[in-house]
Student: 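Following this message is one structure expressed as structure tokens.
Just so you know, these numbers come straight off a predicted model, no measurement behind them. Along the sequence shown, residues carry numbers from 1.
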Amino acid sequence: MSGLRVIDLTRVLGGPYCTQILADHGADVIKVEPPAGDEVREWGPPFHEEDAAYFVGINRNKRSIGLDLASEGGRAVLLKMLETADVLIENFKPGTLEKWGIGNESLREKFPRLVHCRICGFGADGPRGGNPGYDAIIQAMTGMIAATGSPESGPMRIGVPLVDITTGLYAAIGILMALSERQRSGKGQFLETTLYETGLAIMHPHTANYFMHGKPPSLTGNEHPNLVPYAIFPTKTDNIFIGVGNDGTFRKLAKEIGKPELGTDPRFARNKDRIANREALRAELAAVFSQHEAEPLCNRLLAAGLPAGPVQKIDQALTNPHTIARGDIIEKDWYKGVASPIRLDRSKPSLRRLPPKFSQHAAEVLGEFGYSKAEIDAMVEKGTVCGPERKR
């Protein structure tokens, strides 16, 4: 993505996650923050100096400038930056940019090659058009919470902000699609990704099941609604997860654990039979697994091509020998993070910049756009451009 300039007006999670993907692969991402800064700088502890780990984890390889877009002067600076930008990404409430006179129609007229991406909660139209969106609320509204948990626990929120993160991924994909189309048409375009539609889109296989049989999913805990066995099992040491996707794999698993008769047992021979006799099969497998230690058992099953893995805590995952061998942890000075999972053969991601301090690069960025030191100082004095101190 070297040579691509991205003006990032987003904050919190979905947008910054999207632009970090682009930044990791070479894009020049200029993070434009409001005078109070991106609010997730405050979402701690833990903190590095004044910035929360939440912010640090999704804002590397970017430059930061604090800019008051509510002011005419701030909007003038933004328009100057957009003259050489390829992508504008923002997550303002629909209608905000229009209120400021810099809505999509105005931007399209001024910058016909600009790709303008908006991330929002529900979109601009429809009964909830313009409503704010939050990950957990979208999980609740799209059936995700109702499908997660066990009969004992009741409905549960998924423990990672899956909707926000996936919305960021969809936004990155949409931006790349629009840039690809621009190579043919010579024109940019507006694209929108919403948390609500993302939440619906990732509810597979529950939506597909519902369209087929008209029944909402029940709470199955760690069990899969369509596959058996696909669940957590205890061993002599730790829990393991077994996931079997077809009848052949099940027969292979049965043979590998010394119980080949399970693979031909009419109660378990086909997946639909295993679903009908879920509890009986669980008891058979649990009796076998209880005689083994988790790590050696999973290593043997994986080596045989079978889907099995120990249930690890985050510290175990981050220090796992495979994680280390693959170079999945990147470090620079005080910073440590998880590397980009996109592994291109020739165009490798890199850690070029640490997560920026608030408005750390204001003078540097504005200088590149032709502003003199005197002009920059005047804008800082006026409050159009922010110095390193955030407005609390």
Student: Following the transitive rule for hydrophobic clusters with a side-chain heavy-atom cut-off under 4.5 Å over Ile, Leu, Val, Met, Phe, Trp and Tyr, establish whether Val40 and Ile165 coincide in one cluster.
Tutor: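 Linked within one cluster.
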Student: Got a donor-acceptor contact below 3.5 angstrom from the Thr384 side chain to the Gly73 backbone?
Tutor: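 Such a contact is absent between Thr384 side chain and Gly73 backbone.
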Student: Does the separation of the ring centres of Phe241 and Tyr230 fall below 6.0 angstrom?
Tutor: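 Yes, ring centres under 6.0 Å apart.
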Student: Give the table of side-chain donor-acceptor pairs shorter than 3.5 Å for residues 92-101, with sequence neighbours excluded, one pair per line with atom names and distance.
Tutor:
| unit_1 | atom_1 | unit_2 | atom_2 | d |
| --- | --- | --- | --- | --- |
| Thr96 | OG1 | Lys93 | O | 2.8 |
| Glu98 | OE1 | Gly95 | N | 3.3 |

Student: Nearest 0.5 Å, what's the CD1-OG1 distance between Ile173 and Thr166?
Tutor: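 Output value for this atom pair is 9.5 Å.
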Student: Could you tell me whether the side chain of Arg267 reaches within less than 4.5 Å of the side chain of Asp273, counting heavy atoms only?
Tutor: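 A side-chain contact under 4.5 Å is absent here.
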Student: Are the side chain of Asp328 and the backbone N or O of Val338 linked by a donor-acceptor pair below 3.5 Å?
Tutor: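 No; judged by distance alone, with no hydrogens or angles, the pair does not exist.
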Student: Strictly distance-based, threshold 3.5 Å: is any side-chain N or O of Arg343 a donor or acceptor partner for the main-chain N or O of Ser340?
Tutor: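 Here the side-chain-to-backbone pair exists.
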Student: Quick one, Ile240 and Phe233 - any side-chain contact, counting heavy atoms below 4.5 Å?
Tutor: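 Yes; the side chains approach each other to less than 4.5 Å.
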Student: So for atom NE2, which belongs to His204, do other residues, nucleotides or ligands contribute more than 12 heavy atoms lying within a distance under 6.0 Å?
Tutor: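 It does not: His204 NE2 has 12 such atoms or fewer within range.
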Student: Same cluster for Val385 and Val365 if Ile/Leu/Val/Met/Phe/Trp/Tyr side chains link at under 4.5 Å?
Tutor: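 Yes, one cluster joins them.
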Student: Within this structure, what is the CG-OG1 distance for the pair Asn209 and Thr207, rounded to the nearest 0.5 Å?
Tutor: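 OG1 of Thr207 is found 8.0 Å from CG of Asn209.
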Student: I'd like to know if Ile202 and Leu195 are part of one continuous hydrophobic network [Ile/Leu/Val/Met/Phe/Trp/Tyr, side-chain heavy atoms within less than 4.5 Å].
Tutor: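 Yes, Leu195 and Ile202 fall within the same hydrophobic cluster.
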Student: Without swapping roles, check the side chain of Glu364 against the backbone of His361 for a donor-acceptor pair under 3.5 Å.
Tutor: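 Side chain of Glu364 to backbone of His361: no pair is present.
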Student: Any sub-3.5 Å donor-acceptor pair from Thr142's side-chain atoms to Leu200's backbone N or O?
Tutor: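 Side chain of Thr142 to backbone of Leu200, a donor-acceptor pair under 3.5 Å: no, none is there.
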Student: Can a salt bridge be assigned to the pair Arg390 and Glu33 using a cut-off of 4.0 Å between side-chain N and carboxylate O?
Tutor: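 The answer is no: the pair does not qualify as a salt bridge.
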Student: Rounded at 0.5 Å granularity, tell me how far NE2 in His206 sits from OG1 in Thr148.
Tutor: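 His206 atom NE2 to Thr148 atom OG1 measures 6.5 Å (nearest 0.5 Å).
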Student: At what distance, to the nearest 0.5 angstrom, does CG of Asn277 lie from CD of Glu279?
Tutor: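 One gets 10.0 Å once the value is rounded to the nearest 0.5 Å.
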Student: Whether Glu105 and Arg108 form a salt bridge (side-chain N of Lys/Arg under 4.0 Å from carboxylate O of Asp/Glu) is what I want to check.
Tutor: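 No, this pair does not count.
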Student: Is it true that the NZ or CZ of Arg274 lies under 6.0 Å from the centre of Phe250's six-membered ring and within 45 degrees of the ring axis?
Tutor: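 Yes; both conditions hold, so Arg274 lies above the ring face of Phe250.
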Student: Does any N or O in the side chain of Asn271 come within less than 3.5 Å of the main-chain N or O of Asn226, such that one atom is a donor and the other an acceptor?
Tutor: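 At least one qualifying donor-acceptor pair exists.
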Student: Please check if atom CD in Glu389 has more than 12 non-hydrogen atoms from other residues, nucleotides or ligands closer than 6.0 Å.
Tutor: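 No - once you tally the heavy atoms of other residues, nucleotides and ligands closer than 6.0 Å, there are 12 at most.
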Student: Hey, is the main chain of Leu344 close enough, under 3.5 Å, to the side chain of Ser347 for a donor-acceptor pair?
Tutor: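 Answer holds: no.
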Student: I want to check something: taking the side chain as every heavy atom from C-beta on, are Cys18 and Ile175 in contact at a cut-off of under 4.5 Å?
Tutor: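 With C-beta onward as the side chain, the pair touches.
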Student: Does the side chain to side chain contact (heavy atoms under 4.5 Å, CB included) test come out yes or no for Leu88 and Phe111, once each step is laid out?
Tutor: CA-CA 11 Å; Leu88 169 68; Phe111 313 111; over 6 Å; no
Student: Can you confirm whether the side chains of Asp24 and Gln20 place a donor and an acceptor under 3.5 Å from each other?
Tutor: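 Short answer, no.
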Student: Please find the pair of heavy atoms, one from Leu354 and one from Lys332, that lie closest to each other, and give the distance.
Tutor: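 Leu354 and Lys332 have their closest heavy atoms at CD2-O, 3.5 Å.
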Student: Could you list the donor-acceptor pairs under 3.5 angstrom formed by side chains in residues 284-310, with sequence neighbours left out?
Tutor:
| unit_1 | atom_1 | unit_2 | atom_2 | d |
| --- | --- | --- | --- | --- |
| Ser290 | OG | Ala286 | O | 3.3 |
| Ser290 | OG | Ala287 | O | 2.9 |
| Asn299 | ND2 | Glu295 | O | 3.3 |
| Arg300 | NH1 | Glu256 | O | 2.9 |
| Arg300 | NH1 | Glu256 | OE2 | 3.3 |

Student: Can you name the nearest heavy-atom pair linking Ile7 to Met81, along with the distance?
Tutor: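 Looking at all heavy atoms of both residues, the shortest contact is CD1-CE, 3.9 Å.
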Student: Parallel, tilted or perpendicular: which fits the ring planes of Trp334 and His48, with parallel below 30° and perpendicular above 60°?
Tutor: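 If you compare the ring of Trp334 with that of His48, the planes turn out parallel.
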Student: State whether Asp51 and Arg41 are salt-bridged, where the test is any N-O pair (Lys NZ or Arg NE/NH1/NH2 against Asp/Glu carboxylate O) under 4.0 Å.
Tutor: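 Salt bridge between Asp51 and Arg41, a charged N being under 4.0 Å from a carboxylate O: yes.
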Student: Measuring only between side-chain heavy atoms, which start at C-beta, is Leu4 closer than 4.5 Å to Leu179?
Tutor: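 In contact.
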Student: Which heavy-atom pair separates Gly74 from Leu67 by the least distance, and what is that distance?
Tutor: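 Smallest heavy-atom distance, with atoms named: O-CD2, 3.6 Å.
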Student: Any idea which heavy atoms bring Tyr170 and Ala201 closest together, and the distance?
Tutor: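 In this case the closest contact between Tyr170 and Ala201 is OH-CB, 3.9 Å.
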Student: Is it the case that the side chains of Arg60 and Tyr335 hold a donor-acceptor pair, with the cut-off being a distance below 3.5 Å and no angle test?
Tutor: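 Present: a donor and an acceptor within the cut-off.
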Student: For the backbone of Arg353 and the side chain of Asn61, can you confirm whether one donor and one acceptor N or O come within less than 3.5 Å of each other?
Tutor: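 Side chain of Asn61 to backbone of Arg353: a pair is present.
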Student: Please say yes or no: joined through hydrophobic side-chain contacts below 4.5 Å, possibly via intermediate residues, are Ile30 and Val87 part of one cluster?
Tutor: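 In one cluster with Ile30: Val87, no.
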Student: For Arg11 and Pro16, which heavy atoms make the closest approach, and how far apart are they?
Tutor: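 Closest pair (atom of Arg11, atom of Pro16, distance): O-CD, 3.6 Å.
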Student: Once rounded to the nearest 0.5 Å, what's the spacing between atom CZ of Phe190 and atom CG of Leu107?
Tutor: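 The CZ atom of Phe190 sits 10.0 Å away from the CG atom of Leu107.
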Student: What I'd like to find out is whether the side chain of Glu192 reaches to under 4.5 Å of the side chain of Cys120, using heavy atoms alone.
Tutor: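 Yes, their side chains come closer than 4.5 Å.
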Student: Look up atom OG1 in Thr220 and atom CZ in Arg278, then write down how far apart they are to the nearest 0.5 Å.
Tutor: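 It comes to 6.5 Å.
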Student: Between Asp135 and Gln139, does a side chain to side chain donor-acceptor pair (under 3.5 Å) hold up when you go through it step by step?
Tutor: CA-CA 6 Å; Asp135 181 278; Gln139 285 195 34; 2.8 Å; yes
Student: Taking a hydrophobic cluster as the set of Ile, Leu, Val, Met, Phe, Trp and Tyr residues connected by side-chain heavy atoms closer than 4.5 Å, whether directly or through intermediates, do Leu262 and Leu227 fall within one such cluster?
Tutor: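 Each belongs to a different hydrophobic cluster.
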Student: Please answer whether the main-chain N or O of Pro356 pairs with a side-chain N or O of Lys62 as donor and acceptor at a distance below 3.5 Å.
Tutor: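 It does not hold such a pair.
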Student: Does atom OH (Tyr210) have a neighbourhood of more than 12 heavy atoms from anything else shown, all under 6.0 Å?
Tutor: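 Open: at most 12 neighbouring heavy atoms sit under 6.0 Å from OH of Tyr210.
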Student: Any side-chain heavy atom of Thr19 sitting closer than 4.5 Å to one from Lys31?
Tutor: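 Of all side-chain heavy-atom pairs linking Lys31 with Thr19, none is under 4.5 Å.
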Student: Checking Asp315 against Lys313 for the salt bridge (Lys or Arg N to Asp or Glu O under 4.0 Å) test, could you report, in this order, the C-alpha distance in whole Å, the side-chain angles of both residues, the deciding distance, and whether it holds?
Tutor: CA-CA 6 Å; Asp315 57 330; Lys313 295 181 180 179; over 6 Å; no
Student: Looking only at heavy atoms, which two atoms of Ser359 and Gly387 are closest? And how far apart?
Tutor: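 What the structure gives for the nearest pair is CB-O, 3.6 Å.
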Student: Could you tell me if the side chain of Ile275 sits less than 4.5 Å from the side chain of Lys272, heavy atoms only?
Tutor: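 No - every pair of side-chain heavy atoms lies 4.5 Å or more apart.
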Student: More than 12 non-hydrogen atoms from neighbouring residues, nucleotides or ligands closer than 6.0 Å to CZ on Arg128, yes or no?
Tutor: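 Counting neighbours around CZ of Arg128, 12 or fewer heavy atoms of other residues, nucleotides or ligands fall under 6.0 Å, so no.
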Student: Main chain of Arg113, side chain of Arg182: is a donor-acceptor contact present, judged purely on distance under 3.5 Å?
Tutor: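 Looks like yes, one N/O pair under 3.5 Å.
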Student: Does Asp377 pair with Lys373 as a salt bridge, N-O distance under 4.0 Å?
Tutor: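 Counted as a salt bridge, because a side-chain N and a carboxylate O are separated by less than 4.0 Å.
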Student: If you define the side chain from C-beta out and look only at heavy atoms, does anything of Leu366 sit under 4.5 Å from Ile65?
Tutor: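 They are in contact (side-chain heavy atoms under 4.5 Å apart), so the answer is yes.
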